[in-house]
Enquirer: 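One structure, pasted below without further comment.
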Amino acid sequence: MSGRVVLVGAGPGDADLITLRGAEALSAADAVLYDELVARELLDLAPPDAVRIDVGKRGHDAPTRSQEETCALLVKLAREGRNVVRLKGGDPFVFGRGAEEAGACAEAGIPCEVVPGVTSALAAPALAGIPVTDRRHSASFAVVTGHKDPTRVSRELRWDALADSVDTLVVLMGMRNLEAILEEIGRVRPPETPAAAVMWAGTKRQRVVEAPLGELAARAREAGLGNPATVVVGDVVRLRAELGAPPERPLAARRILVTRGEEQGARFAELLEQAGAESVHVPMLRFEPEAEPLELDACLGRLATYDGLVLASANAARFLAHRAHEIGVDLGELRGLVICVGPASAAAARKVGLRVDRTPEGRRDAEGLIEELARWIEPARKRLLVPRSQIGRERLPDGLREAGAEVDAPVAYRTLPPERDAPEAEALRARLIARTIDVATFTSPSAVRNCLGLLDPESREALSRCVVAAVGPTTAAALREAGLEPDVMPQMAGGPELVEALVAHEARRRADANEGGEPG
Ligand code: SAH
C-alpha cells in the first residue's frame, strides 16, 4: 500500500504561524522532511516515533541534499507506505520549489496534497508594520526573487519594468545581491522612495532597518542584516510610523556564543534569547564526579564537626550531595551554616535539600565572600568545608584560611575540557571563521582556557574580532592573560547581570551605527 505526501507551509518565523491544517497534517505524519528555516518546535507536533529528516538548504549555501535527492526521498518514503509531511518555510509554492516536489509525486503516482502557509513575502512586511497594499499608497504588489538563478525566467527578470508598473515591490532572497537589486529599482524609482529590510520576521530575533531606497543597502549592511530577510520598496513603508510596529528586542539577531556548561548555559541562553539573541551554545566544561574521592569521603565522615559549608558553585552542591548519597551520609548531619557564593549555588543547595543561611550581598566572587565572612570567622577559628573541583582556585580556601578559618577543601568533582575533534568544536571553529558569531561570552576562567584550547590560529584570530564578554573580574583576568581584552563586563558578576551588560553594550553600538531601526 502506497503512502502519500503532504506539502505543508510552516509559515515564517516562530512555530505558531503554521495553519491549523498544517499542524493536523504534522500530527498524523510518519515521516517529516523539513527545511533549515522551519521552526524546530514544529517537529514536536509529529508523533514521537515519526522519522525527522533535515533536507535543509538555506539561501545560496550549499544544500545538504540536492533537489533531486529530496524528491527521490519523498517518493521512496511514500512508496514504503508512509504518510510523509514535507514541511517548508512560508508557503510551499512561493519560491519553495514545492511545485517540483508535487510534480515528482505526480509522476510517481503518489497522492500529494498541499497545505498553503503564511508566506514571508506578506508576513515579514506585516510584522514590521508595513501593509503591502493600502488605498492611499498601493494598489498592487509583486513578489520577486533576488536570487540569481541560472534559469531563463530569472535571467529575463526585468526590474525596471516591475518597478515602473507595480506599487509595492517585495524581494525575497535578496540580501546577497542587495546593492545590485536596489540599484536596478533605483533606475526607475527616486532614491527617496521608502524602503525597509525585515530580518527573522515573526521571531524574537526580528530586526527592521528602514531607509530610503538609495541608502537601504548601506544601512542594512551596517546594521549587520543578512539572511533570512525580506525587502520592501514602496510608499506603503511610510505607514510603519503610523501603525506602530512592535519594538525590536534589545539583542535582536545578535549571535552570541555561550560557553557555560550544559545546564546553567541553557538557562543563560534562554535569557539571551528572550532578549532576541540567537544563542550558540558550546559548553566548554564537562563535569564528572571525582573518581577516587578519598578526601571527600573523609570530610563527609566528619560532617557534623564543621561550623560552615561554603559552596562556591552549583556543581559543588550537586556533587557533594551526589557522593553523600552514594556512601550513605545524610547531609542533615551538618549543623554549621551553609554559605553560598551566589544565587545559582544557593538554588542548587536548596535543590539537594540544604537550607541556605547566607549568600553575600555584595560582590559574588571569592574575594567578596572572604570579606563578608572574615568577621564571622575570626574570633573563634571556625572549621569550614569547601568542596571544589580539581582545578578550583585555591584563592577561596586560602583566603578563608588567612581570615583565620581551618579549611578542608576536598575535590568533589572534576572539570574537564571538551574534546578538540568533537563535531561541536569543529562547528565552532567554522562559525568563528565565517564570522557568524558576533559576541562570545565567558563565565569562568576554565571556559576561557578550554575554548582557546579548541581553536586554531585562524579561529583564534576571528574570536578576537568578536565582542568578548566576561561574567566578572576573575574571568576577565583569564581573558586578558590569554591576550583578549574583554569588551563587556557587568558591575556585579552573574548571568542575568551579564545579559543586562550586553544589552547596554548593544544599545551603545546601535546608537553609534545610528541605524533607523525604530519607526519615525
Ligand atoms: N516559501 C518561503 C520563501 C522561501 S525563499 C515563503 O513563502 O516564505 C527564502 C526567503 O524567504 C528568504 O531568503 C527571505 O527572503 C524570506 N524569508 C523566509 N523566512 C523569513 C523570515 N522569517 N523573515 C524575513 N524573511 C524571510
Side-chain angles (χ1 to χ4, degrees), residues 7-19 22 33-42 55-61 63 67 70 85-102 114-130 132 141-149 151 153-154 157 168-178 180-182 195-210 216-217 220 223-233 237 240 245-246 248-249 252-253 255 273 276 278 517:
L7 295 179
V8 175
D14 286 342
D16 52 1
L17 282 169
I18 196 169
T19 62
L33 273 64
Y34 61 96
D35 282 346
E36 171 81 34
L37 285 177
V38 161
R40 288 298 180 271
E41 291 78 11
L42 284 175
V55 292
K57 48 180 170 307
R58 186 159 158 183
H60 301 247
D61 298 345
Q67 187 60 51
T70 301
V85 163
R86 173 72 176 105
L87 188 62
K88 303 170 81 72
D91 180 88
F93 286 166
V94 177
F95 303 129
R97 301 188 72 167
E100 288 162 64
E101 293 170 11
V114 180
V115 179
V118 175
T119 177
S120 54
L122 305 181
L127 291 166
I130 304 167
V132 290
F141 63 85
V143 180
V144 193
T145 171
H147 188 163
K148 282 221 171 65
D149 208 294
T151 58
V153 279
S154 151
L157 184 69
T168 306
L169 288 170
V170 179
V171 185
L172 299 191
M173 296 180 282
M175 290 314 282
R176 176 162 295 200
N177 304 318
L178 190 60
I181 291 166
L182 297 181
V198 189
M199 180 190 194
W200 284 119
T203 72
K204 293 201 245 346
R205 302 185 239 169
Q206 174 169 319
R207 293 191 64 192
V208 184
V209 170
E210 182 185 335
L216 182 64
L225 256 61
N227 281 317
T230 294
V231 175
V232 196
V233 179
V237 175
R240 214 180 147 228
E248 205 161 86
R249 300 207 183 209
R255 296 157 298 185
E273 282 169 18
E278 172 189 348

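Order of listing sets the numbers, starting from 1, for every ligand and every atom in it.
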Enquirer: Grab the two heavy atoms, one from Ala220 and one from Leu178, that are nearest each other, plus how far apart they are.
Expert: CB-CD2, 4.1 Å
Enquirer: Counting only heavy atoms closer than 4.0 Å, does ligand 1 sit against the backbone of Val198, its side chain, both, or neither?
Expert: backbone
Enquirer: May I ask you to list the atoms of ligand 1 that are less than 4.0 angstrom from any heavy atom of Val94?
Expert: 1 (N), 2 (C), 3 (C), 4 (C), 7 (O)
Enquirer: With sequence neighbours left out, what residues match Ala229 under side-chain contact (heavy atoms from CB on, under 4.5 Å)?
Expert: Met175, Met199
Enquirer: Determine whether Leu122 and Val132 make a side-chain contact, defined as any pair of heavy atoms from C-beta on separated by less than 4.5 Å.
Expert: yes
Enquirer: Relative to the heavy atoms of Thr119, which atoms of ligand 1 are at a distance of less than 4.0 Å?
Expert: 6 (C), 7 (O), 8 (O)
Enquirer: Considering the heavy atoms of Phe95, write down every atom of ligand 1 situated less than 4.0 Å from one of them.
Expert: 4 (C), 5 (S)
Enquirer: Counting each atom of ligand 1 from 1 as listed, which ones have a heavy atom of Asp91 under 4.0 Å away?
Expert: 1 (N), 6 (C), 7 (O)
Enquirer: Do any N/O atoms on Pro12 end up under 3.5 angstrom from N/O atoms on ligand 1?
Expert: no
Enquirer: Quick one: does Gln67's side chain get under 4.5 Å of Glu101's, heavy atoms only?
Expert: yes
Enquirer: Roughly how far, to the nearest 0.5 Å, is CG of Asn227 from CZ of Arg176?
Expert: 7.5 Å
Enquirer: Just one of Arg255, Arg205, Lys204 clears the salt bridge (Lys or Arg N to Asp or Glu O under 4.0 Å) bar with Glu278, so which one?
Expert: Arg205
Enquirer: Quick check: Gly89 and ligand 1, any N/O pair under 3.5 Å apart?
Expert: yes
Enquirer: For the 3.5 Å polar cut-off, considering only N or O atoms, please tell me whether Ala121 and ligand 1 meet it.
Expert: no
Enquirer: Checking contacts here: is it the side chain or the backbone of Ala229 that comes within 4.0 Å of ligand 1, counting heavy atoms only? Could be both or neither.
Expert: backbone
Enquirer: Only heavy atoms of Thr230, strictly under 4.0 Å: list the atoms of ligand 1 that pass.
Expert: 15 (O), 16 (C), 24 (C), 25 (N), 26 (C)
Enquirer: With heavy atoms of Trp200 as the reference, note each atom of ligand 1 found under 4.0 Å away.
Expert: 22 (N), 23 (N)
Enquirer: Between CZ of Phe95 and OG1 of Thr145, what distance do you get to the nearest 0.5 Å?
Expert: 5.0 Å
Enquirer: Minimum heavy-atom separation for Val232 to Val237, with atom names?
Expert: O-CG2, 3.9 Å
Enquirer: Which heavy atom in Thr230 sits nearest to a heavy atom in Pro125, and how many Å separate them?
Expert: CG2-CD, 4.3 Å
Enquirer: Quick check on contacts: which atoms of ligand 1 are under 4.0 angstrom from a heavy atom of Gly13?
Expert: 22 (N)
Enquirer: Measure from atom 9 (C) of ligand 1 to every heavy atom in Met173, Arg176, Met199 and give the option owning the shortest one.
Expert: Met173
